[in-house]
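Here's the structure, in structure tokens; my notes come after.
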Amino acid sequence: MKQASIPLEEYMGSGHLACQGCGATQAMRFALKALGPQTALVIPACCWAVIDGSFPHSCVQQPIYHTAFETAAVVASGLKAGLEMRGDSETTVMAWAGDGGTFDIGLQALSGAAERNEDIIYVCYDNEAYMNTGIQRSSSTPYGAWTTTTPVTNYKRRPKKNMIDIMAAHEIPYIATASTAYPHDIIRKMAKAKEIRGTKYIQIFAPCPTGWKLAPELSVKMARLGVTSKVYPMLEITENGQKLEVWKDFEPSSVREYMKPQGRFRHLTDEELDGIEREVEANWQRLLAKEKMLGSIPGLA
Amino acid sequence: MKKVIMGNHAVSYGVRASEAKVISAYPITPQTHVVELLSEMCANGEIDAKFIKVESEHSAMAACVGASAAGVRTFTATSSQGLLLMHEMLHWAVGARLPIVLANINRAVGPPWSIWTDQNDSLSQRDVGWLQLYVESNQETQDTIPQAFKIAEELQMPVMVVMDAFFLSHTYEIVDLIEAEKVREFLPPYQPEIKMDVNDPHSFGNLAGPDMYMELRYMIQEAMEKGIDVIKRVDKEFEKVFGRGYGVVEAYRCDDAETILVTSGTVASTTRAVIDEMRDEGISIGALKIRVFRPFPFEDVFEILSKAKKVAVIDRNISFGGHGIFYQEIKSALYGRTGIPILGYIAGLGGRDITPSVIREIADKALSDKNPERYINWIGVKR
């Protein structure tokens with residue numbers, strides 16, 4: 001994984017309202033370090049609507065516009081247009097939403113913004129359920145997981161929605177996944193996104209100890225094991241969806257090692273875990289095949 | 001310059017003259033011409049604005065929220081289902097105190113599908129906190145747009161300009177076009193004190209506990225209560241520059257009228273013709289047009305109606321299980337201060353024509369009706 005140095009400047013204070021071990025909070029801290037002070041944020045309903053702090057306080061030094069659940073991408077589009085009409089084309093506008101606001105209720109507005117190729121960075125901090133409302137399943141919740149709306153007797157039996165492929169189908173200039181276990185990588189990808197004009201989509205794997213029934217001190221470890229077990233591949237898609245690069249330079253670990261410490265998977269039998277392992281490997285192979293396929297088309301990068 | 005244009009284009013010319021900087025909209029009949037002409041004006045440089053062509057009305061209002069938050073003049077237009085889809089973001093614009101201007105072309109709500117006019121779309125947004133101005137002619141439509149921006153920016157409140165589908169939106173009339181250069185004398189560039197700005201960063205709209213929320217709501221009501229005076233003053237200022245003014249209500253032959261018909265929108269024009277005809281017959285009757293629905297001009301309405309002996313309200317809308325919506329407001333304006341009978345008439349829903357003979361029928365019924373308890377009288381319903 002390519003490294004970037006971590007800027008010393010802090011734009012996020014310690015007085016935020018997140019739970020212990022919150023991945024979404026780590027993700028924001030690193031993202032802001034990469035983007036710097038000339039950044040305006042749009043945050044819909046999600047954990048971060050609370051983490052920011054209550055009026056008149058904010059734990060972030062950059063301006064934030066809080067908005068309705070399904071509108072992050074389009075309010076960011078409007079904000080960018082407004083700033084440009086005011087003569088400010090330098091400010092980076094970043095929409096910052098959870099997986100509920102991205103995969104589900106905000107998908108339409110995000111698709112609209114991406115199709116128009118609005119000059120915004122859209123970050124989804126993905127903790128794989130509606131955590132702010134108290135752990136309900138989203139279309140980002142993985143197969144097998146417990147949530148309060150997918151009890152252990154009827155755990156989620158559909159796979160996580162492939163949001164990356166959906167965004168790639170919009171032919172936007174930059175798409176990436178990232179993980180809170182790799183801050184250098186988050187910073188590199190955010191900095192890269194900042195320099196690209198058009199819609200940038202970055203999906204950050206952000207563990208939620210509260211919702212995953214996980215010890216807070218294991219948050220970063222899970223963010224790493226999710227990647228090294230190939231459950232949550234790290235990738236970049238450039239050239240308007242035509243070039244895919246998958247990060248493979250890691251010491252592989254087992255899916256069971258990733259799932260065992262998480263209470264949300266505790267009910268799964270050995271047989272069910274075997275099935276999940278097979279599916280993870282199949283997804284990984286499909287991804288590598290796609291990387292190879294895109295790389296082999298004459299005339300494409 | 002005078003030009004024969006449709007009502008929808010009168011909106012577009014009003015927006016051009018007001019020099020809006022960001023426009024965002026989604027097509028819907030009968031509004032579509034408004035934004036078609038605006039997108040053309042943006043494309044050919046007639047207006048220096050960005051047009052965000054969104055995928056829904058909900059997003060249109062959300063884009064306006066973002067743009068207005070950046071501190072620029074922002075406009076959208078819609079109708080019916082589109083306005084209803086915006087509902088959540090209409091509230092957002094109010095809570096965020098954003099001076100967005102929206103033109104709503106009154107269209108009936110489905111099902112069954114109807115593209116024709118009635119007021120239930122805009123009136124069902126009564127309590128969101130938008131100011132609502134109902135216009136009657138193409139000239140008034142165009143002139144009301146810059147007025148709306150000025151009112152909105154002074155009060156830091158969003159304003160809806162409302163007009164009838166087809167009877168106004170698709171009807172061609174002569175309009176004296178206003179130009180941006182002259183409008184600037186009336187409407188200076190929008191320079192808000194508070195906006196999204198990296199050099200003066202704030203967090204907007206974050207959590208406010210029970211110790212704060214109520215005060216913010218109080219301030220919205222305060223702005224609304226100031227609204228009537230602001231609308232009147234802005235109208236006078238417009239009149240000074242352009243020689244045309246419209247008021248918050250318009251009384252027609254009401255001074256000595258025993259009976260007054262209360263109307264809004266294009267029905268007001270037809271009603272005036274009927275009043276003239278009845279006056280010729282020696283009947284003591286007048287008409288009151290309500291131009292401003294929110295904030296409701298309670299005092300102006302009381303002043304005029306309290307001199308009458310009977311009031312008849314024509315509503316092109318209905319609050320199911322209640323009454324006509326203008327009727328309720330009129331009753332509220334007169335409550336406890338007069339004993340005048342107030343009669344309510346529901347007419348013209350889903351675009352059914354309100355012709356002079358329909359208005360005459362309402363007037364005749366009102367004159368002969370001895371039972372003031374009948375709050376709802378349906379006109380022309382096949383039963």
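Only heavy atoms go into these numbers, but all of them, side chains included; no hydrogens, no water, no symmetry mates. Labels below follow one simple rule: chain letters A, B, ... track the order of the sequence lines, proteins then strands, and each chain is numbered from 1. These figures come from a predicted structure and were not determined experimentally.
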Whatever's closer than 4.5 Å to a heavy atom in chain B on Q61(A) counts as backbone
Are side-chain heavy atoms of F204(B) and I64(A) found at a separation under 4.5 Å? no
Got more than 12 heavy atoms from elsewhere within 6.0 Å of CD, E193(B)?
-> no
Note: vs chain A, highest number of non-hydrogen pairs under 4.5 angstrom among A208(B), A69(B), A96(B), G209(B) is A69(B)
Look at the side chain of N206(B) and the backbone N and O of H57(A), then say whether any donor-acceptor pair between them is shorter than 3.5 Å. yes
Pair count under 4.5 Å, heavy atoms only, with chain A: among H91(B), M89(B), M61(B), highest is M89(B)
Exercise. Are any of the side-chain heavy atoms of E55(B) and R116(A) separated by less than 4.5 Å?
Worked result: yes
- Task: Please step through side-chain hydrogen bond (donor to acceptor under 3.5 Å, both in side chains) for the pair H66(A) and S203(B), ending with a clear verdict.
- Result: CA-CA 7 Å; H66(A) 290 268; S203(B) 182; 3.1 Å; yes
Practice task
Find out whether M196(B) and T91(A) are in side-chain contact, i.e. whether some heavy atom of one side chain is under 4.5 Å from a heavy atom of the other.
Solution key: no
Most heavy-atom pairs under 4.5 Å with chain B, out of G82(A), A40(A), A113(A), belong to G82(A)
> Tell me, do S56(B) and Q108(A) make a side-chain contact under 4.5 Å, heavy atoms counted?
Replying inline: yes
Okay, S24(B) and chain A: the region with an atom under 4.5 Å from a heavy atom over there is neither
Do P201(B) and Q62(A) have side chains that approach each other closer than 4.5 Å (heavy atoms only, starting at C-beta)? no
Side chain of R86(A), backbone of A70(B): donor and acceptor closer than 3.5 Å?
-> yes
Turns out that what part of A49(B) lies under 4.5 Å from chain A's heavy atoms comes down to backbone
Separation between NZ (K80(A)) and NZ (K50(B)), nearest 0.5 Å, reads 9.0 Å
Distance col, row H58(B):NE2 vs T71(A):OG1, nearest 0.5 angstrom, shows 6.5 Å
_Would you say that P37(A) contacts V198(B) through its side chain, given a criterion of any heavy-atom pair below 4.5 Å between the two side chains?_
no
Under 4.5 Å to a heavy atom of chain A? For D197(B) that would be both
The interface call for L41(A) against chain B, heavy-atom contacts under 4.5 Å, is backbone
(Q) What I'd like to find out is whether the side chain of Y65(A) reaches to under 4.5 Å of the side chain of V65(B), using heavy atoms alone. (A) yes
Output for pair (M85(A) CE, T74(B) OG1), nearest 0.5 Å, gives 10.0 Å
Under 4.5 Å to a heavy atom of chain B? For S111(A) that would be neither
Is the closest side-chain heavy-atom distance between M212(B) and P56(A) below 4.5 Å? yes
If you count heavy atoms of other groups shown closer than 6.0 angstrom to CZ of R158(A), is the number above 12? no
Interface check, chain B: of S58(A), A68(A), G53(A), most non-hydrogen pairs under 4.5 Å belong to A68(A)
Does CD in Q20(A) sit with more than 12 non-hydrogen atoms of other residues, nucleotides or ligands closer than 6.0 Å?
no
One pair to check against side-chain contact (heavy atoms from CB on, under 4.5 Å): Q38(A) and N199(B). What are the steps and the verdict? CA-CA 8 Å; Q38(A) 204 168 357; N199(B) 299 313; over 6 Å; no
